[in-house]
Amino acid sequence: MLLFLASILLAAVFLFLLFNLFDKLKRVEKSIVLFLSICAYGVFLFELSGLLGLLNKPGLIIGLQVIMAAFALLMNRIFKIGIPKPSLRSIKDFLSSSWQHIKKNPGLVVFGGFLAAIYLVLAFLQFRLPQNNIDGLLNHLSRIAHWMQQGSLRTYSGFNSIGTSYPYNNSLLMMWSMIFLRSDVLSGFVQYFAALFTALTIYAFAVELGFVRKASLISGLLFLTFPIIFFESGTSQNDLLVASFLFISFYFLIRHFHSTENVYLALSILAFALAAGTNQYAIFAVPGYAVFFVLLLWRNRKKFLSYFVNCFSLALLFFALFGSYTYIQNWISFGNPMGGEFVS
């Protein structure tokens with residue numbers, strides 16, 4: 001437990017030292033970026049730990065996190081990023097504004113409170129009930145157990161090829177708690193938070209498209225009422241996680257289209273890379289993403305070459321770091337990036 005708390009603390013230090021990069025974003029966008037950053041941090045940490053054969057050595061993983069935090073501190077000093085300094089005035093204004101909205105929308109408050117109560121019960125059940133869905137037991141949790149035994153993410157032989165060749169990102173995030181706690185009690189919270197942040201992104205997306213805030217909030221809350229969302233949000237699967245990354249990716253792409261701020265484009269590409277590393281079905285979103293990208297290229301046609309090179313470089317970097325691990329390993333092991341039957 002102490003090592004797990006130390007790991008969370010070091011992750012928080014790393015993000016705290018770099019979070020001022022997003023200082024100009026809206027408050028709701030900073031929340032979304034926090035979720036995206038934690039996921040990217042976890043994926044990178046355990047990809048690197050797997051490459052170094054440290055997945056069965058929690059103490060050395062902590063050491064790796066110390067190095068990453070020191071690197072973040074160095075970058076903070078070199079580029080004078082600074083640290084977040086929330087003012088008491090801004091917090092007071094936010095609370096005051098929220099209270100005014102609550103008084104004006106009692107029906108929405110009741111609806112939101114009802115949903116909050118349901119999801120709090122679901123969170124409680126995470127601690128009381130073991131993971132028992134077939135997808136988690138057959139694929140995701142079983143391969144995490146094997147990785148923890150062998151200390152790496154190497155391909156292994158087994159009765160089910162999906163477990164060893166399916167994209168890893170969701171399993172890497174679930175493994176975070178399992179390595180330190182030796183239990184899967186927190187594994188379902190990856191999907192749980194993915195559901196919540198997808199709802200938040202739907203709200204932000206609707207506002208960005210011009211809908212009033214009340215209708216936008218209702219849209220986000222309604223997403224959480226779908227039975228498939230509710231029942232999967234407490235499981236060790238990956239569908240909600242890849243959906244959250246894709247929603248976030250398209251949201252920040254639209255934000256970049258409207259504002260031209262390059263930070264939004266970088267966040268959009270990062271989210272899509274994480275989606276590709278979570279589930280290969282993310283490829284079906286490529287045509288829609290490409291349409292918006294072509295529009296962006298047309299709008300930036302006066303500096304077409306530099307804009308295209310920057311986008312391509314970012315996509316290559318983020319996919320290499322956060323999306324490509326499984327596909328490269330499958331290519332080496334099976335001769336096919338999508339995997340195949342393992343022959344020992």
Compare all side-chain heavy atoms of [X] with those of [Y] and state whether any distance is below 4.5 angstrom.
X      : Y      : value
Leu241 : Leu173 : yes
Leu21  : Val263 : no
Leu25  : Leu267 : yes
Ile83  : Asn20  : no
Leu265 : Cys311 : yes
Phe334 : Thr155 : yes
Ile61  : Ser49  : yes
Met68  : Leu10  : no

Practice task
Report the residues that fulfil salt bridge (Lys or Arg N to Asp or Glu O under 4.0 Å) with Asp135, sequence neighbours left out, ordered by chain and then residue number.
Solution key: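 Salt bridge (Lys or Arg N to Asp or Glu O under 4.0 Å) list for Asp135, sorted by chain: empty.
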Problem - Partner set under salt bridge (Lys or Arg N to Asp or Glu O under 4.0 Å) for Lys26, not counting sequence neighbours - result: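 Partners of Lys26 by the salt bridge (Lys or Arg N to Asp or Glu O under 4.0 Å) criterion, ordered by chain and then number, come out as Glu208.
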Problem - Contacts of Phe284 that satisfy side-chain contact (heavy atoms from CB on, under 4.5 Å) - sequence neighbours left out - result: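 Here the qualifying residues are Tyr281.
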Exercise for the section: Using the test side-chain contact (heavy atoms from CB on, under 4.5 Å), find all partners of Phe211 that sit at least two apart in sequence or belong to another chain. Expected result: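 Ala206, Leu209, Ser216.
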Problem - Nonpolar side-chain network containing Leu129, other nodes, edges under 4.5 Å - result: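 Leu129 clusters with Val121, Phe124, Leu125.
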Practice task
Please go through Leu305's hydrophobic cluster and name the other residues, only I, L, V, M, F, W, Y counting, with side-chain heavy atoms under 4.5 Å joining them.
Solution key: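 Members other than Leu305 - counting any ILVMFWY side chain reachable under 4.5 Å - are Val309.
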Handout entry: Hydrophobic cluster membership, Leu246 vs Val291, 4.5 Å side-chain cutoff
Key =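 Each belongs to a different hydrophobic cluster.
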Problem - Leu60 with Phe44, same ILVMFWY side-chain cluster at under 4.5 Å - result: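 Yes, Leu60 connects to Phe44 through the hydrophobic network.
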Just by distance, no angles: are the side chains of [X] and [Y] close enough, under 3.5 Å, to form a donor-acceptor pair?
X      : Y      : result
Gln131 : Thr235 : no
Arg143 : Thr164 : no
Tyr325 : Asn169 : no
Gln237 : Gln191 : no

Handout entry: Distance, nearest 0.5 Å, that separates CG of Leu64 from CG of Leu52
Key =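 The distance works out to 6.5 Å.
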Handout entry: Atom pair OG (Ser268) and CZ (Phe318), whose distance is rounded to the nearest 0.5 Å
Key =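 So the OG of Ser268 and the CZ of Phe318 are separated by 10.5 Å.
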Which heavy atom of [X] sits nearest to which heavy atom of [Y], and what is that distance?
X      : Y      : result
Ser152 : Gly50  : CB-O, 3.4 Å
Ala315 : Ile269 : CA-CG2, 3.5 Å
Val190 : Met174 : CG2-CG, 3.7 Å
Thr198 : Ser244 : OG1-CB, 3.0 Å
Leu15  : Ser37  : CD2-CB, 3.7 Å
Ser187 : Ser177 : N-OG, 4.2 Å

Exercise for the section: Kindly check if the number of other-residue, nucleotide or ligand heavy atoms within 6.0 Å of CZ (Arg182) is above 12? Expected result: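 Correct, the count exceeds 12.
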Practice task
Could you tell me whether the side chain of Ser7 and the main chain of Leu3 form a donor-acceptor pair under 3.5 Å?
Solution key: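 Answer holds: no.
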Problem - ring pair (Phe, Tyr, Trp, His ring centres under 6.0 Å) partner of Tyr168, chosen from Trp147, Phe46, Phe322 - result: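 Testing Tyr168 for a ring pair (Phe, Tyr, Trp, His ring centres under 6.0 Å) against Trp147, Phe46, Phe322 leaves exactly one candidate, Trp147.
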With [X], which residues qualify under ring pair (Phe, Tyr, Trp, His ring centres under 6.0 Å), at least two apart?
X      : result
Tyr192 : Phe189
Phe22  : Phe19
Phe272 : Tyr289
Tyr41  : Phe14, Trp176

Exercise for the section: Applying side chain to side chain donor-acceptor pair (under 3.5 Å), run through Asn238 and His140 and close with a yes or a no. Expected result: CA-CA 9 Å; Asn238 66 1; His140 306 296; 4.5 Å; no
Exercise for the section: Could you give me the CA-CA distance, side-chain angles and deciding distance for Tyr327 and Gln280, then say whether side chain to side chain donor-acceptor pair (under 3.5 Å) is met? Expected result: CA-CA 9 Å; Tyr327 302 105; Gln280 59 264 62; 5.1 Å; no
Problem - Within residues 297-309 or reaching into it, pairs that qualify as side-chain hydrogen bond (donor to acceptor under 3.5 Å, both in side chains) - sequence neighbours excluded - result: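 Counting only pairs at least two positions apart or across chains, the side-chain hydrogen bond (donor to acceptor under 3.5 Å, both in side chains) contacts touching residues 297-309 are His256-Tyr307.
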Problem - Pairs flagged by ring pair (Phe, Tyr, Trp, His ring centres under 6.0 Å) wherever residues 212-243 is involved - sequence neighbours left out - result: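 Non-adjacent pairs meeting ring pair (Phe, Tyr, Trp, His ring centres under 6.0 Å): Tyr119-Phe230.
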